[in-house]
Amino acid sequence: MSIHRFAMILATMMAPFVLLAGDLSVSSLDSHRNQERRRVFSDWMGGSEFEAFVEEQKHKGKFPIYIEGNGASEYRVIFGEVDPRGWYFYYGGREDDMVHYNRQHSSKGLKLLTLSKSRSDRYSAVWISERSYAEVSAQLEPLGIGLASISD
């Protein structure tokens with residue numbers, strides 16, 4: 001068997017496992033609302049500090065609605081006041097990670113709320129329950145943060 005034929009067979013066998021990237025549309029940021037966002041953003045934090053901070057805020061009834069990475073393994077977050085009754089966030093992922101998590105969470109009744117891209121081409125995203133989507137997404141408008149989408 002030639003190496004070319006072997007590569008074709010291998011590619012055919014792997015095809016179901018290849019994750020094709022969807023079309024990622026990051027949340028737009030209205031430049032006229034930069035000051036509003038600066039007032040509510042957390043400080044920049046490393047991963048473990050960031051996760052602990054999110055957990056602490058969750059116990060205070062606040063939930064992430066927008067996460068931003070600086071491209072150097074630091075993140076900051078904006079919290080919402082409405083409990084989305086089901087949410088998930090992921091930060092520092094590649095494009096294919098976001099497509100994978102979007103498929104996974106969509107199948108569980110969660111909907112992508114926000115998505116940002118850092119200077120190092122890493123993404124951060126927040127998903128919330130579909131039943132809370134309108135109420136939670138309304139908190140983004142005063143901050144000039146647009147809704148995100150990932151299409152397959």
Side-chain angles (χ1 to χ4, degrees), residues 11 14-152:
M14 294 298 290
F17 303 104
V18 174
L19 182 63
L20 299 175
D23 183 25
L24 277 66
S25 177
V26 298
S27 299
S28 61
L29 300 176
D30 182 345
S31 62
H32 295 99
R33 303 268 175 86
N34 284 342
Q35 285 195 324
E36 288 89 339
R37 283 191 300 278
R38 280 191 204 115
R39 280 195 296 262
V40 295
F41 258 123
S42 69
D43 293 332
W44 290 102
M45 295 170 255
S48 59
E49 182 184 4
F50 177 79
E51 288 181 20
F53 183 67
V54 170
E55 188 65 25
E56 175 187 315
Q57 295 303 306
K58 183 178 88 170
H59 292 297
K60 294 179 181 179
K62 297 180 180 181
F63 300 87
I65 59 173
Y66 183 75
I67 300 170
E68 198 170 75
N70 67 3
S73 299
E74 290 185 318
Y75 303 90
R76 62 184 183 172
V77 60
I78 294 175
F79 291 95
E81 299 290 332
V82 175
D83 181 353
R85 296 183 296 267
W87 58 280
Y88 181 84
F89 70 92
Y90 189 80
Y91 61 94
R94 299 178 319 255
E95 183 173 339
D96 58 338
D97 295 328
M98 294 298 131
V99 172
H100 167 75
Y101 283 116
N102 191 60
R103 287 178 181 157
Q104 181 181 20
H105 297 307
S106 294
S107 71
K108 295 178 182 176
L110 298 179
K111 188 170 180 177
L112 181 65
L113 181 68
T114 56
L115 177 69
S116 67
K117 182 179 178 182
S118 72
R119 292 186 304 256
S120 62
D121 292 333
R122 294 296 183 152
Y123 292 86
S124 299
V126 176
W127 288 266
I128 61 165
S129 68
E130 289 185 22
R131 66 178 183 242
S132 301
Y133 190 79
E135 186 178 15
V136 175
S137 63
Q139 296 176 71
L140 299 172
E141 194 278 325
L143 300 171
I145 301 172
L147 300 172
S149 66
I150 298 175
S151 60
D152 289 331

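Only a predicted model underlies this, so the values are computations on that prediction, with no experimental measurement involved. The residues of the chain are indexed from 1 along the displayed sequence.
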side-chain contact (heavy atoms from CB on, under 4.5 Å) partners for E49, two or more places apart: M45
Under the ring-ring contact (aromatic ring centres under 6.0 Å, His included) test, residues paired with Y133 that sit two or more places apart: none
Walk me through whether L113 and L140 qualify under side chain to side chain contact (heavy atoms under 4.5 Å, CB included). CA-CA 9 Å; L113 181 68; L140 299 172; 3.7 Å; yes
Distance check, rounded to the nearest 0.5 Å: D43 atom CG versus R76 atom CZ? 9.5 Å
Checking the side chain of S116 only, and the main-chain atoms of I67 only, is there a donor and an acceptor separated by less than 3.5 Å? yes
Does this structure show an ion pair linking E141 with R33, if we count only N-O contacts that are shorter than 4.0 Å? yes
To the nearest 0.5 Å, atom OG of S42 lies from atom CD of E68 at 9.5 Å
Rounded to the nearest 0.5 Å, what separates atom CE in M98 from atom CZ in R122? 9.0 Å
Backbone N/O of D30 and side chain of R37: donor-acceptor pair under 3.5 Å: yes
What's the shortest heavy-atom distance between A148 and V26, and which atoms? CB-C, 4.4 Å
If the condition is ring-ring contact (aromatic ring centres under 6.0 Å, His included), which residues does Y75 pass it with, not counting sequence neighbours? F50, Y91
Can you tell me how far apart CG (L110) and OH (Y88) are? Round to the nearest 0.5 Å. 10.5 Å
So, the side chain of S118 versus the backbone of N70: is there a donor-acceptor pair under 3.5 Å, distance only? no
Rounded to the nearest 0.5 Å, what separation is found between the CG atom of L147 and the OG1 atom of T114? 8.5 Å
How close do S124 and G69 get, counting heavy atoms only, and between which atoms? OG-N, 4.4 Å
Taking atom NE2 of H32 as the centre, does the number of heavy atoms from other residues, nucleotides or ligands within less than 6.0 Å exceed 12? no
Should Y123 and R94 count as side-chain neighbours, where that means a heavy-atom distance under 4.5 Å? no
Decide yes or no for Q139 and E81: does some side-chain heavy atom of the first lie under 4.5 Å from some side-chain heavy atom of the second? yes
Charged N to carboxylate O under 4.0 angstrom, K111 versus E130? no
Before you tell me yes or no, could you show the steps for S25 and I150 under side chain to side chain contact (heavy atoms under 4.5 Å, CB included), namely the whole-Å CA-CA distance, both residues' side-chain angles and the distance that decides it to 0.1 Å? CA-CA 6 Å; S25 177; I150 298 175; over 6 Å; no
Working to the nearest 0.5 angstrom, can you tell me the gap between I65 CD1 and I78 CD1? 6.0 Å
Strictly distance-based, threshold 3.5 Å: is any side-chain N or O of S107 a donor or acceptor partner for the main-chain N or O of Q104? yes
Quick one: does any side-chain atom of S132 pair with a main-chain N or O of V136 as donor and acceptor, under 3.5 Å? no
List the steps, then state whether ring-ring contact (aromatic ring centres under 6.0 Å, His included) holds for F53 with F79. CA-CA 11 Å; F53 183 67; F79 291 95; 5.6 Å; yes
Quick check: are there more than 12 heavy atoms from other residues, nucleotides or ligands sitting under 6.0 Å from CD of Q35? no
Criterion side-chain contact (heavy atoms from CB on, under 4.5 Å) against Y66, the qualifying member of L29, V126, L143: L29
Heavy-atom side-chain contact between V77 and F41 under 4.5 Å: no
Under 30°, 30 to 60°, or over 60°: which ring-plane class applies to H105 and W127, parallel, tilted or perpendicular? tilted
Tell me, do N102 and L24 make a side-chain contact under 4.5 Å, heavy atoms counted? no
